[in-house]
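Taking it in order: structure first as structure tokens, then the write-up.
In each ligand, atom 1 is the first atom listed, and ligand 1 is the first ligand listed. For the single chain, residues carry numbers from 1 onward in sequence order.
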Amino acid sequence: MILNTASISDTETSPSNAQTNNSTPKQITLARPDDWHIHLRDGNSLNTTVAHAAQSFNRVICMPNLVPPVKTAIEAQAYRDRIMQALEHANIDDRYKLTFNPRMTLYLTDTTTAEDIKLAAQSGVVQAVKLYPAGATTNSADGVTNLASRHEVFSAMQKYELPLLIHGEVTDSHVDIFDREKQFIDTTLSSLVSQFPELKIVVEHITTGDAADFVLSQNERVAATITPQHLLFNRNHLLVGGVKPHFYCLPILKRKQHQQVLLDVATSGNPKFFLGTDSAPHATHAKENACGCAGCYSASIALPLYATAFDSVGKINRLEGFASQFGAKFYGLPLIDERITLVNEPMQVPSSYPYLGQETLTPLMAGETLPWSIKLES
Ligand code: DOR
Ligand code: ZN
């Protein structure tokens, strides 16, 4: 499959404002983007994931769902050190080694204290705290079981201006998997936002029009990240014609109508919506399995994927705000001077990457052709 506007909407209707090919610019140059939500994992995984992330991004917010999770500022610093060590050994241009800047997160548990939050805020490396409802997704078993018991911690985050990043899904087994994000907004997120009006919140990897509407209805302290897969695909891509495990992530891909709303808000120029790939590596055999893991690996091709999505609705000119400016603004970080150029020239996505010595890692769109690529610098 060649991924273009037609194939994005191949199972449904085309976006109404799709631009014709002859109005697509040949290339765009933008400030080097940041990824505000990425999973790099740990140990030997870092030999693959860090090089991919550093070639596309300046800052990345590293998710803390390791085994065991990253729970304190000291653990976050040690994890960052391991990432930087992997960067040193990466077979990539030195310029990426100089600029790549991993920002760390703490994993909120039932035992996180206000003191942990204070130390994290003072550490200089912890950018935010991640809330996984226990059982919601990969490595979330140590997540929060009772939000009401975490009030002191949320107050401390508010006080020390440490944002809360939320995996917004309920975990009750009786709730339909396609309704879990909306239920979380209705039953949990709305009241959290009213109880902590000064707390900065990012609703991570939103997947529904309901989540987009919720974020739009709040003040500038509430924002959202959007992944490339939720902009480009819907549940038909996952399920029609056979189950496609490499499209399986959590929150799960939703209906075409939700995909369209996400495309609308991502390309609207509204700074509440910014780039977060949720690139989440799992070895190929763990994805292509009777009980396949959730997560799409996109770090190496995320920028061509986002460019394809924005171009599909004639809004490539809005990519820089989404990818390189709005997240920095939300986190109060400086804009990046370094530039990167994306060209409207096809690239073939590798069928897999070497991973963990003997394993392979299959990226999203493995073996397929994308219409946009990253221009190689001379
Ligand atoms: O699909 C997902 N994979 N969603 C998450 O929230 C976690 C991630 C992972 O760590 O694999
Ligand atoms: Zn994630």
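Counting only heavy atoms of the protein, atom 3 (N) of ligand 1 lies nearest to Ala294 O, 3.0 Å. Looking only at protein heavy atoms, the nearest one to atom 5 (C) of ligand 1 is Thr137 OG1, 3.0 Å. Leu250 N, 2.8 Å is the protein heavy atom nearest to atom 1 (O) of ligand 1.
Numbered from 1 in the order shown, with element, the atoms of ligand 1 that lie under 4.0 Å from a heavy atom of Ala280 read 3 (N), 8 (C), 9 (C), 11 (O). Within ligand 1, the atoms closer than 4.0 Å to a non-hydrogen atom of Cys249 are 1 (O), numbered from 1 in the order shown. Using a 4.0 Å cut-off to heavy atoms of His167, the atoms of ligand 1 that qualify are 6 (O).
In terms of polar-atom proximity, defined here as any N/O pair under 3.5 Å, Tyr132 makes no such contact with ligand 1. For a threshold of 3.5 Å applied to N or O pairs, the pair formed by His282 and ligand 1 contains at least one separation below that value. For the pair Pro251 and ligand 1, the shortest N or O to N or O distance does not fall below 3.5 Å.
The hydrophobic cluster containing Val129 also contains Ile166, counting ILVMFWY residues as joined when their side-chain heavy atoms lie under 4.5 angstrom apart, directly or transitively. Placement of Leu40 and Tyr132 in two distinct hydrophobic clusters is found when ILVMFWY residues are connected by side-chain heavy-atom separations under 4.5 Å, directly or transitively. Residues Val265 and Val222 share a hydrophobic cluster, clusters being chains of Ile/Leu/Val/Met/Phe/Trp/Tyr side chains in contact below 4.5 Å.
For Trp36 and Phe330, the ring centers sit 6.0 Å or farther from each other.
Neither the backbone nor the side chain of Asn139 has any atom closer than 4.0 Å to an atom of ligand 1 (non-hydrogen atoms only). Of all the heavy atoms of Arg41, the ones lying under 4.0 Å from any atom of ligand 1 belong exclusively to the side chain.
Below 30°, between 30° and 60°, or above 60°: for His237 and Phe233 the angle between ring planes is above 60°, a perpendicular geometry. Between Tyr353 and Tyr297, the ring planes are perpendicular. Angles over 60° get that label, and only those under 30° would be called parallel.
Here the side chain of Arg235 pairs no donor or acceptor atom with the backbone of Val240 at under 3.5 angstrom. At distances below 3.5 Å, not a single donor-acceptor pair connects side-chain atoms of Asn139 with backbone N or O atoms of Val67.
The distance cut-off of 2.8 Å around the Zn ion (ligand 2) captures these protein N, O or S atoms, sorted by chain and number: His37 NE2, His39 NE2, Asp278 OD1.
Residues in residues 196-213 take part in these side-chain hydrogen bond (donor to acceptor under 3.5 Å, both in side chains) pairs, two or more places apart or across chains: His37-Glu204, His167-His205, Glu181-Thr207, Glu181-Thr208, Glu198-Arg221, Glu204-Thr225, Thr207-Lys254.
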Q: Show your reasoning for whether side chain to side chain contact (heavy atoms under 4.5 Å, CB included) applies to Arg80 and Cys62.
A: CA-CA 9 Å; Arg80 190 174 192 280; Cys62 305; over 6 Å; no
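One finds no salt bridge joining Glu169 and Arg180 here, because no Lys/Arg side-chain nitrogen approaches an Asp/Glu carboxylate oxygen to under 4.0 Å.
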